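Just so you know, these numbers use all the heavy atoms, side chains as well, and skip hydrogens, waters and symmetry mates. Just so it is clear: chains get the letters A, B, ... in the order the sequence lines come, proteins before strands, and each one is counted from 1. Note that the structure is predicted; figures quoted are calculated from it, not measured.
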Amino acid sequence: MLEIRNAVKVFEKGTPVEHTALNHLNLSLQDGEFVTVIGSNGAGKTTLFNAVCGTFLLNAGRIFLDGQDITYMPEHKRASMIGRVFQDPMKGTAPNMTIEENLSLAHSRSTARALSIAPGKKELGLFRDRLAEFNMGLENRMKTKVGLLSGGQRQAVTLLMCTIVPPKLLLLDEHTAALDPATAEKVMEITRSTVENYHLTTMMITHNITQALTTGTRTIMMDEGDILFDMSGTERERTSVDDLMRMYSVSRHKELDNDRMLLEK
Amino acid sequence: MKLLIDSLQLGFLYGVLALGIYISFRILAVPDLTTEGSFAFGLSVSAAVTSLGHPLLALPAAMLAGAAAGAVTGFLQTRWKIHPILSGIITMSGLYSVNLSVLGGSPNLTLVRANTVFKMVPFLSKNDAKTVLPVVFALAALAAVIWFFHTHIGMCIRAVGDNEDMVRASSIHTGFCKVIAFCVSNGLIALSGALVAQYQGYADISSSTGILVVGLASVIIGEALFGRRSVTLGFISSVAGSLIYRYIIALATRYSPLPAHMLRLVSAVIVALALALPALREHVETARLRKGGGQDA
Ligand SMILES: Nc1ncnc2c1ncn2[C@@H]1O[C@H](COP(=O)(O)OP(=O)(O)O)[C@@H](O)[C@H]1O
Ligand SMILES: [Mg+2]
């Protein structure tokens, strides 16, 4: 589904602060795979997502999505195939527009005629049903401005906006990190069920190693712009958080330097 | 009574302007300085076409002219990445020459002998038409913008003004949305100018000076009364604000010792005070808390 070949991204090239954020990285995702991504701060996880979304172009390498070469496709064209949820709940929604208007923006981007009234009656029914699946009561607040919602509610709306037209690829960048633990768990729960119900090919960055090993079907660890470990199946099932930490320090001769990660093992 | 009716007529004519200003100022959240140019552009095109004997054709022609001006500003801003305020100033400056050319090289043109839309309404005298037509045009424009900003494209424009980063990361083209918004906004502003020219029976380019502040005052007065709850309400309150603004101005000229040429200064002060209101409120609140805190301690 997604294939990244030999991706290189160098920031501030030719300056004293030159930094290689993606270092000849290769990655191939099968249809329907749910990959969790871990790695210390600055490992290049977000950069990888940005490269796939077209926030910038690669210095070298190629990216294919569903067989199509998207290496040089502009960001807004890729956006119709890729759903993305950020850590910051403010980022994914328009605060002064209502829940149903936000959802309609996301839903009708693929189908709507420019001058049809949005959202239409059929759309409203769909939005209500999908929101009801979250069990957060949002289906009764569709005319509420999104800016009045809590962070968790906003992330739920964002998640629905990204998946209401099933994308070819769903990218989640620490999308529960800014939420309190109970809310984070709730948003994780609806993430799991959405990915499962709609068979979405997904990559999720998380700083919670336990969560990384128990969610999805495959886990990769990134370091210094490349993939350090890539595990799935029984190998992954047998790996504990401690194993992972040990593997990291053996291979890199240093401790995993993510405070948040250590705290949450 | 005369004062009331005059204010009503002007209030609705400039209400169309207020709708255009609301689009740039509140929906896109950038004050658009193209306004002075596009208002004068509408005024000039309307006067020129009217004097050629086509007062009806003059209105869509003026709207197109205004939309074109808006497109230029939008282009400068989104394609050439020129600062929003500067883009508007550049278009406005350029339009000054264009407007003079449209009026045949002079800054004004009289329409006394020309036929205008206000003389064309069946069963209505010119004086009655001057009351009825502004109401009709303003309400039609109001209905049109309310509809437009609830369509898919209108919603995309609102989202661009609300959270541009989000829209940029979605498959909606932000630049295109902005250009469309500037076209609609300046088209309305030009229509307002076009109607004013025919209503007054002359076009004078200098009458567009400070027109942005007039529009802003209307929008802000409207919001002071109705709050900022939705776009629909925002549009309605802008027209209402325009009516109230005209009434205040009429009273000010009638009963205050200020001469007529001080009007724009009065408008500027009204706008500055209205925009300062949140800061003033905060100041009062802080002062109140300080005092209260002192008592508790
Ligand atoms: N736009 C940018 N310009 C310069 N450096 C950047 C930029 N984006 C990321 N980097 C650098 O690239 C490295 C990887 O960052 P990132 O992908 O955000 O890490 P993380 O794995 O924590 O998400 C960091 O050292 C960061 O400072
Ligand atoms: Mg990151």
Original post:
Crowded around B:Phe176 CZ? As in, over 12 foreign heavy atoms under 6.0 Å?
Top reply: no
Subject >> Heavy-atom pair count under 4.5 Å with chain A, highest-scoring of B:Val160, B:Val231, B:Thr174, B:Thr151 >> reply: B:Thr151
Original post:
Which bit of A:Glu75 comes within less than 4.5 Å of chain B, counting heavy atoms only: side chain, backbone, both or neither?
Top reply: side chain
Subject >> Top of B:His173, B:Glu164, B:Arg158, B:Arg229 for chain A proximity - count of heavy-atom pairs under 4.5 angstrom >> reply: B:Arg158
Original post:
Hey, what do you get for CE (A:Met97) to CE (B:Met166), rounding to the nearest 0.5 Å?
Top reply: 7.0 Å
Original post:
Shortest non-hydrogen contact from A:Leu115 to B:Trp147?
Top reply: O-CZ2, 3.6 Å
Subject >> Straight-line distance of A:Asn102 CG to B:Asp162 CG, nearest 0.5 Å >> reply: 8.0 Å
**OP:** Check A:Ala94 against B:Asn163 and note the closest heavy-atom contact, atom names and distance.
**Re:** CA-CB, 4.1 Å
Subject >> Contacting moiety of A:Pro119, where chain B heavy atoms sit under 4.5 Å >> reply: both
Subject >> From A:Met90 atom CE to B:Asp165 atom CG, the distance as rounded to the nearest 0.5 Å >> reply: 13.5 Å
Original post:
Given the options B:His150, B:Arg228, B:Met155, which has more heavy-atom pairs under 4.5 Å with chain A than any of the others?
Top reply: B:Met155
Original post:
Given that the side chain runs from C-beta out, which part of A:Lys91 has a heavy atom under 4.5 Å from chain B: side chain, backbone, both or neither?
Top reply: backbone
Original post:
OG/A:Ser80 to CD1/B:Ile172 distance, rounded to the nearest 0.5 angstrom?
Top reply: 11.0 Å
Original post:
Rounded to the nearest 0.5 Å, how far does CD1 of A:Ile117 lie from CZ of B:Phe148?
Top reply: 10.5 Å
Original post:
Counting only heavy atoms not in A:Glu133, do more than 12 fall under 6.0 Å of its CD?
Top reply: yes
